[in-house]
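The analysis underlying the following values was restricted to heavy atoms, covering all of them including side chains, and did not include hydrogens, waters or symmetry mates. Fair warning: this is a prediction, and the values are worked out from it, not measured in the lab.
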Amino acid sequence: GTPAFVPAVVIGTGYGAAVTALRLGEAGVRTVMLEMGQLWNQQGPDGNVFSGMLKPDKRSSWFKTRTEAPLGSFLWLDLANRDIDPYAGVLDRVNYDQMSVYVGRGVGGGSLVNGGMAVAPKRSYFEEVLPRVDSAAMYDRYFPRANSMLRVNHIDNGWFEGTDWYKFARVSRDQAQKAGLGTVHVPNVYDFDYMRREANGEVPKSALAAEVIYGNNHGKQSLDKTYLAAALGTGKVTIETLHQARTIRQQKDGTYLLTVEQKDADGRLLATREISCRHLFLGAGSLGSTELLLRARETGTLPDLSSEIGAGWGPNGNIMTARANHVWNPTGASQSSIPALGIDDWDNPAAPVFAEIAPMPAGVETWVSLYLAITKNPERGAFVYDAANDRANLRWTRDQNTPAVNAAKSLFDRVNRANTTMYRYDLFGKQLKAFSDDFCYHPLGGCVLGKATDDYGRVSGYKNLYVTDGALIPGSIGVNPFVTITALAERNIERVIQQDIKAS
Ligand code: FDA
């Protein structure tokens, strides 16, 4: 039959997508969002929407037969991982040849599974990474707008200093200080007020019950509670869940025609639908948006796409590492799953590092200090279309992470020296390994702003086709990326609504 027509389609429901849909809805544009994951609002048999981190069930993972937790090998015992039934769970680990990428699946994208750390980059680094974006407008207008819409909040300092739940962070801070390194508080979208009430036993626990990467049942102000709720509130936006966009073509009249697979939560194909639209926004994330455009270019459905599609990918210099503390220096059996402090050595010209002090909420004393280091790695990967499997592969080799490992090592060698401590070698896989160089949480790039698109995310070669998400950022931003993705999407959609939509 004739495909359903809607004025605007947004693919995905993560940060870039959510911003875009809200502003389109406010402008009165009828918009359909397509999300391959589920809406996470139904309680399971245990009364919770999400399964916890310590006893994950099928809700934890996107079509896996076994969970694939980042720290799966604690003490070389496979403690954290479990066999599960394949299901449309909330966390995916996309395993490319030499790099694995964690992403969220569901209404809210990465906001469902991430640590909520809401950090604007150093202005000088933002200007280095995206020199053609007016940074004054970003820092005066769009970053504040993003922070306020995302409900970014700050931990109360007095509570932070006194609570057992952040002892792990204070221990790491003292050890960093011994090495001459400074720390900063990291803002978050987890409601720190709620967390204090958790600690007081007044409300159900989430951050204080080791919930994070498989979803937070309480406390986190994920996108479904902020931007997406506001978008639905305009009355112009609807969300189709368990709908995966597969192909994009342009019709003679300039409109876009999408084929979309609708599945059930067990993965059975229910229908293949066609949807057409005038304005098409890709917010499927660095992996998802890039794959859709690569497929379109390589299969000839959008042949005029630029050769820049697929290029400029990086893992934001992500490296995890862990240190073993002395027995007299425990990090605490009770740890909030939400990080609140970072070691800031970004201005060190030899090896810039911004290292999140991460919790290890195992429920028992581990003497571990864990970190997610964000480093400045100049190496870039590229997505290439694999026709046989109709998917994008990532061309990125393990040794491309050497500069990132070296930077993290330079910082934590200093911390270890100053505290006569050592690395932990048992956390990142079956072989002895002090640095995780084979997975990341911060995929960035693939459709880089000003290269694969114009300076506002308009895809080169096509009218009314846009990229809105982390694919726009060229591989590195120096801090956790979602505030930047959000603010950039705010900036771009404002211009697009003014020039491309109101004017048409
Ligand atoms: P995002 O990935 O959020 O959303 C894309 C959406 O599109 C997903 O919902 C996906 O299912 C959907 N999709 C993909 N392809 C599709 C298709 N073909 N059809 C339909 N839907 C499709 N960042 C940060 O700033 N602070 C932090 O603390 C953390 N911590 C963290 C922890 C973990 C475990 C992870 C995995 C990630 C983080 N991050 C983070 C990273 C952050 O979550 C990430 O940068 C953003 O979610 C990216 O936002 P995007 O808008 O680019 O896409």
- Verify side-chain contact (heavy atoms from CB on, under 4.5 Å) between N188 and V152, making sure each step is shown before the conclusion. CA-CA 5 Å; N188 207 289; V152 174; over 6 Å; no
- Derivation and outcome, ring-ring contact (aromatic ring centres under 6.0 Å, His included), residues Y423 and F435: CA-CA 9 Å; Y423 291 103; F435 301 93; 5.0 Å; yes
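- Here K167 does not pair with E365 in a salt bridge; the nearest charged N to carboxylate O distance is not below 4.0 Å.
- Side-chain N/O atoms of R151 and N153 include no donor and acceptor closer than 3.5 Å.
- A side-chain donor-acceptor contact under 3.5 Å links Y371 and S172.
- Looking at N348, its side chain does come within 3.5 Å of a backbone N or O of A350 through a donor-acceptor pair.
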- Report the C-alpha distance between V448 and L472 in whole Å, list the side-chain angles of each, state the deciding distance to 0.1 Å, and finish with yes or no for side-chain contact (heavy atoms from CB on, under 4.5 Å). CA-CA 4 Å; V448 169; L472 293 172; over 6 Å; no
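- Looking at heavy atoms from C-beta onward, I84 lies out of side-chain contact with T65 at the 4.5 angstrom threshold.
- No side-chain heavy atom of S111 sits under 4.5 Å from any side-chain heavy atom of T226.
- Side-chain contact between D92 and K64: present, with at least one pair of heavy atoms (C-beta onward) separated by less than 4.5 Å.
- Within the structure, salt bridge (charged side-chain N to carboxylate O under 4.0 Å, His left out) contacts touching residues 199-221 (residues at least two apart or in different chains) do not occur.
- Remark: the Y194 side chain and the Q221 side chain contain no N/O donor-acceptor pair separated by less than 3.5 Å.
- When atom types are taken as modelled, the side chain of T321 and the backbone of A434 share a donor-acceptor pair closer than 3.5 angstrom.
- Two residues are said to be in side-chain contact when any heavy atoms from C-beta on lie closer than 4.5 Å; R323 and V368 fail this criterion.
- Considering F160, Y166, W159 as possible partners of H185, the one that fulfils the ring-ring contact (aromatic ring centres under 6.0 Å, His included) test is F160.
- Using modelled atom types, one side-chain atom of Y190 and one backbone atom of A207 make a donor-acceptor pair closer than 3.5 Å.
- Under the 3.5 Å distance criterion, with hydrogens and angles disregarded, no donor-acceptor pair is assigned to the side chains of N416 and D413.
- Side-chain contact between D438 and R398: present, with at least one pair of heavy atoms (C-beta onward) separated by less than 4.5 Å.
- Here E128 contributes atom CD and I477 contributes atom CD1; the two are 10.0 Å apart, rounded to the nearest 0.5 Å.
- Residues N217 and S206 have side chains that never bring a donor and an acceptor to within less than 3.5 angstrom of each other.
- Note: Y139 and F126 meet the aromatic proximity criterion, with ring centroids under 6.0 Å apart.
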- Query: Should D85 and K58 be marked as a salt bridge (Lys or Arg N to Asp or Glu O under 4.0 Å) after you check the CA-CA gap, both sets of side-chain angles, and the distance that decides it?
  - Reply: CA-CA 6 Å; D85 292 329; K58 68 177 183 180; 5.6 Å; no
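- In this view, R391 and N393 satisfy the side chain to side chain donor-acceptor pair (under 3.5 Å) rule, not counting sequence neighbours.
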What donor-acceptor contacts under 3.5 angstrom involve side-chain atoms of residues 112-123, with partners at least two apart or in another chain?
| residue | atom | partner | partner atom | Å |
| --- | --- | --- | --- | --- |
| N114 | OD1 | G116 | N | 3.0 |
| N114 | ND2 | Y15 | OH | 2.9 |
| N114 | ND2 | G110 | O | 3.0 |
| K122 | NZ | D344 | OD1 | 3.0 |
| K122 | NZ | D344 | OD2 | 2.8 |
| R123 | NE | E127 | OE2 | 3.2 |
| R123 | NE | S135 | OG | 3.3 |
| R123 | NH2 | S135 | OG | 3.3 |

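- Listed for the N325 side chain is a donor-acceptor partner under 3.5 Å among the backbone atoms of W367.
- When only modelled atom types and interatomic distance are considered, Y142 and R491 share no side-chain donor-acceptor pair under 3.5 Å.
- Under a 3.5 Å cut-off, the side chain of T13 and the backbone N or O of G108 do form a donor-acceptor pair.
- In summary, the side chains of N95 and E68 do present a donor paired with an acceptor at a separation below 3.5 Å, with no hydrogens or angles considered.
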- Derivation of the ring-ring contact (aromatic ring centres under 6.0 Å, His included) call for W396 and Y96: CA-CA 9 Å; W396 169 274; Y96 297 109; over 10 Å; no
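- In summary, the side chains of N480 and E356 do present a donor paired with an acceptor at a separation below 3.5 Å, with no hydrogens or angles considered.
- Between T397 and D399, the side chains place a donor N or O and an acceptor N or O closer than 3.5 Å (distance only, hydrogens not considered).
- Annotation: side chain of R145 is not in contact with side chain of D140 (no heavy-atom distance under 4.5 Å).
- Look at R141 and E494 and you find a salt bridge, because one of the NZ, NE, NH1 or NH2 atoms lies within 4.0 Å of a carboxylate O, short of that distance.
- Counting only N and O atoms by type, the side chains of N419 and T421 include no donor and acceptor under 3.5 Å apart.
- The environment of CZ in R395 is sparse: at most 12 heavy-atom neighbours from other residues, nucleotides or ligands sit within 6.0 Å.
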- Item | Candidate pair L22 and T234, rule side-chain contact (heavy atoms from CB on, under 4.5 Å), full reasoning | CA-CA 8 Å; L22 169 62; T234 65; 4.1 Å; yes
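- The closest side-chain donor-acceptor pair between T67 and N81 falls under 3.5 angstrom.
- No side-chain heavy atom of D266 sits under 4.5 Å from any side-chain heavy atom of P86.
- For K409, the NZ atom is loosely surrounded, since the number of other residues' heavy atoms within 6.0 Å does not exceed 12.
- Neither side chain, Q400 nor R380, offers a donor N or O lying under 3.5 Å from an acceptor on the other.
- Atom CG in D164 sits 11.0 Å away from atom CG in L208 (nearest 0.5 Å).
- A 4.5 Å side-chain heavy-atom check between Y441 and V103 finds every atom pair outside the cut-off.
- Salt bridge R59/D46: present, at least one basic N to carboxylate O contact under 4.0 Å.
- Side-chain atoms of S286 and W313 form a donor-acceptor pair, as typed in the model, at a separation below 3.5 Å.
- By the 30° and 60° cut-offs, the orientation of the rings of F439 relative to F428 is tilted.
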- Check the pair R105 / M36 against side-chain contact (heavy atoms from CB on, under 4.5 Å), numbers first and verdict last. CA-CA 7 Å; R105 300 272 181 233; M36 66 195 274; 3.7 Å; yes
